[in-house]
Chemist: 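Take this structure, written in structure tokens, and hold onto it; I'll ask about it next.
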Amino acid sequence: MGRPQQCTVLAALAVEVGRTVPADVLVERVWGQEPPERARRTLHSHITRIRRSLEMIDTESGDPARLLLGSGGYRLDMAPDDIDLHRFRRLVKRADRRLCSEAEARVLLRQAVALWRGEPLAGLTSAWAERTRNAWTLERLDAVVAWARTELAIGDPQAVIAELNVLAYDFPLVESLAATLIQAQYAAGRTSEALDRYAAVRRQMVDALGIEPGPELQQVQQAILQGDRIGPSVPAISRDAVVAPQVRITPRPTHAASGPAPRRHLVVPAQLPIDVRGFAGRESEMAQLSGILESSQAEKQPALCVLWSAAGSGKTSLAVHWAHRVAQQFPEGQLYANLRGFEPSGVVVRPEEVIRMFLDAFQVPPQSIPISLEAQAALYRSYLAGRRMLVVLDNARDVDQVRPLLPGAPDCLVLVTSRRALPSLVASEGAHPIAVGPLPYDEARRVLSNRLGAARVAADSAAVDRLIARCAGLPLALALVAARVATHPDLDLRTFADELDAAVGSTEVPAEAERGVHVVFVWTYRTLSPAAARLFRLLGLSPGPDIDELAAAQLAALDLTTTRTLLNELKDAQMVSEHKLTRLSLHELLRGYAMDLVLAVDSAQERSAAVRRLLTHYVTSSRRAAVLLERHLSQEAAEGPDAEFPRITTAREAVAWFTAEHAMLLDIVRRAGDEGHDASLCSLARSLMEYFNRQGHWRDQINTQRLALDAARRLGDRRAMGQAHRGIGVAHAWLGQYDDAYTHSRSALDLACEVGSTRDQAQAHLALARVFERQGRHREALDHDQAALMLAEIANDRLAHAVSLNNVGWSLAMLEQYEAAKDHCSRALVVLREIGDPSGQAATWDSLGYINHQLRNSAEAIECYREAIRLNREAGNRYAEADSQHHLGNTLLTLGDFAGAKECWQQAVVILDELNHPDAETVRERLTGLEQAQSGTGWGR
């Protein structure tokens, strides 16, 4: 029906079918409150095109669809039932129990729910479309809950569980939806799932809203714990509530009304970089910061400060030094992120990357991190709620980079540094701007005294004056001068002042920079040994925010020992800094200087060779790490001496390496695409796939695999294209974007068939199975799991065979074919034993525990869970051990063994608390509920 604007016009008319919509209203719905001057003329063009399109449409009713000119506007003339929205509303209205029987209401509501086939007004982005979409979503939720309760009323819980599961995933805080799903799970015999769902909903409500669930949810949970049959006394299933209940979305309470959110067992992040050695001066700026902090604490208001200045003025050093000084006032943690707003490479850190980094700092497990960016931001804010925390956002480019990272908690302080004053942040968020100018003479002199000693500085005041003048009061320049002077205690200061004066006339110094930091750069660079100077230049080719010693050695084609010696020389000269153990970074100005030098001094052939070496290093290292995460992944990269590559021998070490190199790897992938290293790009993307999947970096997965897909197309490598499609599809499935997930996973399967890769075909089928599983379409998931199993057998891939057996078993269990499920998982267990994979065996024993629990084979379920616990304990897999303890407790509870359930859950809580894992709260809630149910006090009383 045309472009988005034209579709918005049609949608606006369809919503008001049969009524004239004024032209002004249509303009506002398409263009907003401030439409362009030509909006009315453009609207007329859209109307003309829509009228022609409608002439070619055959409606279901057979009635024509016409667009007519009315008084001051336009009217869409067609049967309302030919528009799904109006048909949906008519069916819901007819399902009113005062107008029809319960059986008729069930049929009508099922028809209404079935009309929803994706996102309403998909692809339309106007403010009106967004408002309308949100309102319709609430109508849909009302209808789904009403339909589900009619199914429950006639005793058919299985008919609604899949649909409710999908919606509850997207709308976790809709209490009526959650209550209905929990009732359906309990009615279907899935007691453990029902209790887990309640615990998850309660935790999300406490985290996001700071409140407990309402009476409806509490009554459902209490009835389950007491083993009661959920009947009419529970509002969610009462006869009057069957028809279209209003969805209750609990409003966010004010801080004053609700108090701080309940505390959880959390780590205390301490991310501040190392304090600046020899820091001096800035008393005025630090006094302002301290005053703002004191005032905010007295007024119980959040504080936001912006330190802004030109590059090289020391705003980062000031922020870090002051943050260390007041860190004790923020005992619950300090967060730090370099936003890289003015990197010479142009790479800017996105807010979502920082939010994920901060959640990782809290050790939030990937499986506990929500999918959407909005939910992740809400989770980040909830972790800061009620906590005294300091957040340092360094090198911000603009307000858009900062605003999503601001906590709403009054006890937090945010310190932003930028080259810009960010006035809109001041206006909208009440930020306190503090300009950081060059150091006054007295403070600059004190910097040199702190680093060189007061006696040496006092011995030649004239030379000191000349050095300070050449540095123009810039702390970065003073630090470089002090580093150079400190390494030559036998020379007087006049010698260094003369050298610096001589550098001013150098052709390497631009005329406009004669009094700036560039003079000191040139002067310091000239003092480096030729090998150290070469390494400094080549570091300008590194795209990431920092680099480790091994990668630097590969970049320069040097052994590790020599590289360390040269890096020490650069660190002594303050040309690089070691902000983390063995990881080195360059100030953005020094990075820009290094980039200028490497372009001027080193040949294109030398630069290209250095970049290829760096790419080869990361391609090889990534593949080595990926093999430990995917045992079936062949080790295609060439082997090399251990000294040349990271020592990665376990899956845990592989994840740690990927985590440390995460930002660098993303930049390397982009660089590979920009410079035509397509084969390296595809290899890197393939190696990153399992790490991204395990850690939940879905958007990084999509962005990386899209680049890989483009590179594979340029190469004509259809197998790599299929692998990239599969990676994109998996990520979209986790994000709940099932149409995109299916499209890419299907493309992966088609390409795997085309190139004849049996293993890739199996992987594509498994990806498609997960798409359907997440939608609750377990029959279709089973079809693809079975296809993967057959292909794994053909390929004689024993590990893939075991994985596929387990997946088939799980899909069968979801279809309640428990005997067949048990058979498949048992066969998977045999293969995993032969392979010698204890972690896989433990996971399969846990699955068998669930299946036996559903079969009412309680004794077998208990033995399965205990074997899973034993294997996980031997393997040192603490989280999986706690998870199986949790499941074992659920089974014991259904047998009435309250003491046994309590003991299992207590052991699980101990382990999860030691791991600082948020699942501890879920199990602790289970314990509390059990104790209250036994005592008769009731949940939450």
Side-chain angles (χ1 to χ4, degrees), residues 270-296 303-330 334-343 389-397 401-402 405 412-422 425-426 431-451 468 471-483 516-517 520 545 574 577-579 585-591:
Q271 294 187 323
L272 293 178
I274 299 171
D275 198 0
V276 183
R277 184 176 62 87
F279 185 91
R282 300 300 188 192
E283 281 84 1
S284 174
E285 290 87 349
M286 287 195 290
Q288 291 182 66
L289 288 169
S290 298
I292 293 167
L293 174 59
E294 182 178 348
S295 175
S296 69
L304 172 58
C305 302
V306 178
L307 297 174
W308 66 281
S309 71
S313 294
K315 52 189 175 294
T316 295
S317 297
L318 168 60
V320 170
H321 180 72
W322 184 79
H324 275 283
R325 175 184 284 189
V326 300
Q328 289 185 343
Q329 298 186 47
F330 299 93
Q334 308 93 42
L335 298 171
Y336 172 87
N338 182 356
L339 304 184
R340 301 171 67 189
F342 300 94
E343 279 284 319
M389 295 201 67
L390 173 62
V391 182
V392 180
L393 304 175
D394 198 14
N395 292 315
R397 184 175 187 85
Q401 207 181 9
V402 171
L405 307 175
C412 293
L413 182 141
V414 180
L415 189 55
V416 180
T417 74
S418 179
R419 293 189 191 178
R420 299 168 178 167
L422 306 181
L425 201 64
V426 176
H432 301 272
I434 300 176
V436 182
L439 283 172
Y441 173 81
D442 290 345
E443 293 187 4
R445 187 180 182 90
R446 196 156 9 116
V447 169
L448 294 179
S449 295
N450 285 354
R451 294 183 179 234
I468 292 173
C471 291
L474 297 177
L476 176 60
L478 288 166
L480 292 167
V481 167
V517 72
V520 182
Q574 297 285 297
S577 60
E578 188 175 30
H579 70 111
S585 63
L586 280 71
H587 187 282
E588 60 198 35
L589 292 180
L590 283 165
R591 181 185 292 276

Chemist: Of all the heavy-atom pairs spanning Gln334 and Met389, show the shortest one and how long it is.
Modeler: N-CE, 4.0 Å
Chemist: Any side-chain heavy-atom pair from Val481 and Cys471 closer than 4.5 angstrom?
Modeler: yes
Chemist: Is Ser295 reaching over with its side chain to a backbone N or O of Ile292, donor-acceptor style, under 3.5 angstrom?
Modeler: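 Absent.
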Chemist: To the nearest 0.5 angstrom, please state how far the CG atom of Leu393 sits from the SG atom of Cys305.
Modeler: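 These two atoms lie 11.5 Å from each other.
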Chemist: Kindly give the heavy-atom pair with the smallest separation between Gln574 and Ala483, and that separation in Å.
Modeler: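 It is CG-CB, 3.3 Å.
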Chemist: Does some side-chain heavy atom of Pro475 sit less than 4.5 Å from a side-chain heavy atom of Leu439?
Modeler: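 In contact.
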Chemist: So, do Leu339 and Arg397 sit near enough that their side-chain heavy atoms are less than 4.5 Å apart?
Modeler: no
Chemist: Could you tell me the separation between the CG atom of Leu448 and the CG atom of Leu478, rounded to the nearest 0.5 Å?
Modeler: 5.5 Å
Chemist: Do other residues, nucleotides or ligands put more than 12 heavy atoms under 6.0 Å from Glu294 CD?
Modeler: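 Incorrect, the count does not exceed 12.
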Chemist: Is it the case that over 12 heavy atoms from other parts of the model lie below 6.0 angstrom from the CD atom of Glu283?
Modeler: yes
Chemist: Can you tell me how far the CG atom of Leu307 sits from the OG atom of Ser317, to the nearest 0.5 Å?
Modeler: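 One gets 11.0 Å once the value is rounded to the nearest 0.5 Å.
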Chemist: Ignoring hydrogens and geometry, is there a side-chain-to-backbone donor-acceptor pair from Ser309 to Ala435 under 3.5 Å?
Modeler: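 It does not hold such a pair.
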Chemist: Search all heavy atoms of Asn395 against all heavy atoms of Gln401 and return the closest pair with its distance.
Modeler: O-OE1, 4.4 Å
Chemist: For a quick test of reading the model, state the closest non-hydrogen atom pair linking Ala421 to Val306 and the distance between them.
Modeler: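 For Ala421 versus Val306, the nearest heavy atoms are O-CG1, 4.0 Å.
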Chemist: Check whether any side-chain heavy atom of Val436 sits under 4.5 Å from a side-chain heavy atom of Thr417, and report yes or no.
Modeler: no
Chemist: Enter the distance from Arg282:CZ to His321:NE2 here, rounded to the nearest 0.5 Å.
Modeler: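 Output value for this atom pair is 12.0 Å.
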Chemist: Is there a side-chain contact between Val320 and Val392, using heavy atoms and a 4.5 Å cut-off?
Modeler: no
Chemist: Whether the side chain of Ser418 engages the backbone of Ala396 through a donor-acceptor N/O pair (distance < 3.5 Å, no angle test) should be reported.
Modeler: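 A pair under 3.5 Å: yes.
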Chemist: Is a donor on one side and an acceptor on the other found under 3.5 Å between the side chain of Gln271 and the backbone of Tyr336?
Modeler: yes
Chemist: As a quick check of understanding, evaluate side-chain contact (heavy atoms from CB on, under 4.5 Å) for Arg420 and Trp308, giving each step before the final call.
Modeler: CA-CA 6 Å; Arg420 299 168 178 167; Trp308 66 281; 6.0 Å; no
Chemist: Nearest heavy-atom pair of Arg419 and Lys315: which atoms, and what distance?
Modeler: N-CE, 4.0 Å
Chemist: Can you find a pair of side-chain heavy atoms, one from Trp322 and one from Leu293, that are under 4.5 Å apart?
Modeler: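 Yes, close enough: below the 4.5 Å cut-off.
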Chemist: Ignoring hydrogens and angles, tell me if any N or O in the side chain of His324 forms a donor-acceptor pair with the backbone of Ile274 under 3.5 Å.
Modeler: no
Chemist: Would you mind telling me which of Val426, Leu413, Val416 makes a side-chain contact (heavy atoms from CB on, under 4.5 Å) with Leu304?
Modeler: Val416
Chemist: Does the pair Leu289 and Val326 meet the rule for a side-chain contact (heavy atoms from CB on, under 4.5 Å), with working shown?
Modeler: CA-CA 10 Å; Leu289 288 169; Val326 300; over 6 Å; no
Chemist: Taking the side chain as C-beta and beyond, is there a heavy-atom pair between Leu335 and Phe330 under 4.5 Å?
Modeler: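 No, their side chains stay 4.5 Å or more apart.
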Chemist: Considering non-hydrogen atoms only, spot the tightest contact between Arg340 and Pro545 and give its length.
Modeler: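 Scanning both residues, the minimum pair turns out to be NH1-CD, 3.3 Å.
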Chemist: To the nearest 0.5 Å, how far apart are OG in Ser296 and NE2 in His432?
Modeler: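 Nearest 0.5 Å value for the OG-NE2 distance: 7.5 Å.
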